[in-house]
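Take a look at the structure set out below.
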Amino acid sequence: MKRFLLAIAFLPTFAFAHLHHEDESHGVIAPAATQYFQSKVKIRNQDGFKFIDANGIPDHPTGEFPNRGNPNPILEQNYHFRVTENPKKADKVTVCHPQFFGVALNGVPFDPTTAEFWNRDPHSGWLYEALYRVGLLGMDENNGHVQPNGGYHYHGLPTGYLKSQKSYGNQMTLVGYAADGFPIYGPLCPSDPKKLDSPLRDMKSSHRVKSGQRPSGPGGNYTGEFSQDFEYVSGLGDLDECNGREGVTPEYPQGAYYYVLTEDFPHVPRAWRGTPDQSFFTKHGPPGGPGGPGHRPPPPQPF
């Protein structure tokens with residue numbers, strides 16, 4: 001069995017999991033105790049795959065959980081992800097819902113979509129956007145929140161993680177890996193994808209809010225409140241429908257396909273260019289915020 005790299009990181013963490021109880025006098029969630037967890041992640045390359053084992057605890061400060069929009073404490077997880085070291089583009093893209101899109105290098109998953117549907121109807125086809133109304137789902141300053149099982153995850157730019165990286169702001173910053181093995185970078189990338197030393201700028205997605213009115217469900221004008229409010233327009237921005245592009249990077253100087261996290265929708269890519277590994281097809285259970293369904297139905301098409 002061929003083994004050629006072992007990387008182990010026991011990361012200092014500032015994440016706290018707040019255990020809670022129901023306040024009988026007011027019916028609100030209140031902290032009862034605080035438990036400390038250390039962020040742990042181990043990455044090893046073996047037999048053509050990259051194995052990522054992690055407890056899912058972030059290595060940066062988080063918001064307070066539980067909170068008004070999210071009743072769940074942060075708890076340790078037992079993640080075992082696998083990605084190919086030789087990713088290849090598939091014949092067609094695969095929509096990512098309800099699976100994790102990928103995982104950050106600190107072991108926290110990227111989970112771009114939600115399980116909150118309009119009118120609490122999983123068959124409506126109208127899926128709420130997590131970052132449109134941040135307070136609704138208790139999102140913190142890192143664009144993350146917590147599933148009922150205690151799993152902390154990112155819906156957008158992991159700002160705390162990016163700020164902790166010395167390279168951020170000065171060069172492309174590798175953030176993690178997608179389920180299909182292609183790398184994920186922060187929003188700052190070379191303006192010329194073929195020249196690593198070209199000026200850095202924030203990448204813009206090629207998605208936009210549709211014009212006109214919704215034909216069903218909540219009705220009204222398209223606003224960006226729902227995933228289905230957006231459309232992909234080829235060439236509108238810097239990135240393709242999967243929020244990726246081809247180019248050279250510090251880790252891949254010969255060039256590679258890579259994904260980019262963006263300030264604008266889709267924030268975290270919603271589709272894979274390659275073939276995702278089954279280790280990311282995790283059953284999430286109920287949504288992170290209160291009041292949603294207890295399962296995730298077949299996906300509506302977001303683009």
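Just the heavy atoms: all of them, side chains too, but no hydrogens, waters or symmetry mates, feed the values below.
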Least distance between heavy atoms, Q38 atom then E76 atom: O-OE2, 4.3 Å
Which atom of F110 lies closest to which atom of V175, heavy atoms considered: CZ-CG1, 3.5 Å
Carboxylate-amine/guanidinium proximity below 4.0 Å for K88 and D180: no
Charged N-O contact under 4.0 Å between R82 and D277: yes
Ring geometry between F81 and Y79 (parallel below 30°, tilted from 30 to 60°, perpendicular above 60°): parallel
F100 versus A179, closest heavy-atom pair with distance: O-CB, 4.5 Å
SB check E129 R270 (cutoff 4.0 Å): yes
N/O donor-acceptor pair under 3.5 Å between T113 side chain and P98 backbone: no
Backbone N/O of K40 and side chain of N55: donor-acceptor pair under 3.5 Å: yes
Side-chain ion pair, K89 and E246, N-O less than 4.0 Å: yes
Whether N243 side chain and P269 backbone form a donor-acceptor pair below 3.5 Å: no
Check: H153 side chain, D111 main-chain N or O, donor-acceptor pair, under 3.5 Å: no
D53 bridged to R44 by N-O distance under 4.0 Å: yes
With sequence neighbours excluded, residues passing side chain to side chain contact (heavy atoms under 4.5 Å, CB included) with T159: N142, N143, L157
Backbone of T223 reached by a side-chain donor or acceptor of N221 within 3.5 Å: no
Donor on one side chain, acceptor on other, E85 and N45, under 3.5 Å: yes
By salt bridge (charged side-chain N to carboxylate O under 4.0 Å, His left out) - contacts of R245 (at least two apart): none
Ring geometry between Y232 and H207 (parallel below 30°, tilted from 30 to 60°, perpendicular above 60°): tilted
W126 side chain to S227 side chain, donor-acceptor N/O pair below 3.5 angstrom: no
Heavy-atom pair with the smallest gap, counting every atom of Y222 and P215: OH-CD, 3.3 Å
Closest approach of S206 to L239 (non-hydrogen atoms, all atoms of both residues): OG-O, 2.6 Å
D192 side chain vs S198 backbone, donor-acceptor pair below 3.5 Å: no
Under 3.5 Å: donor-acceptor pair, side chain of Q77, backbone of L75: yes
Short side-chain to backbone donor-acceptor contact, D229 and E225, under 3.5 Å: yes
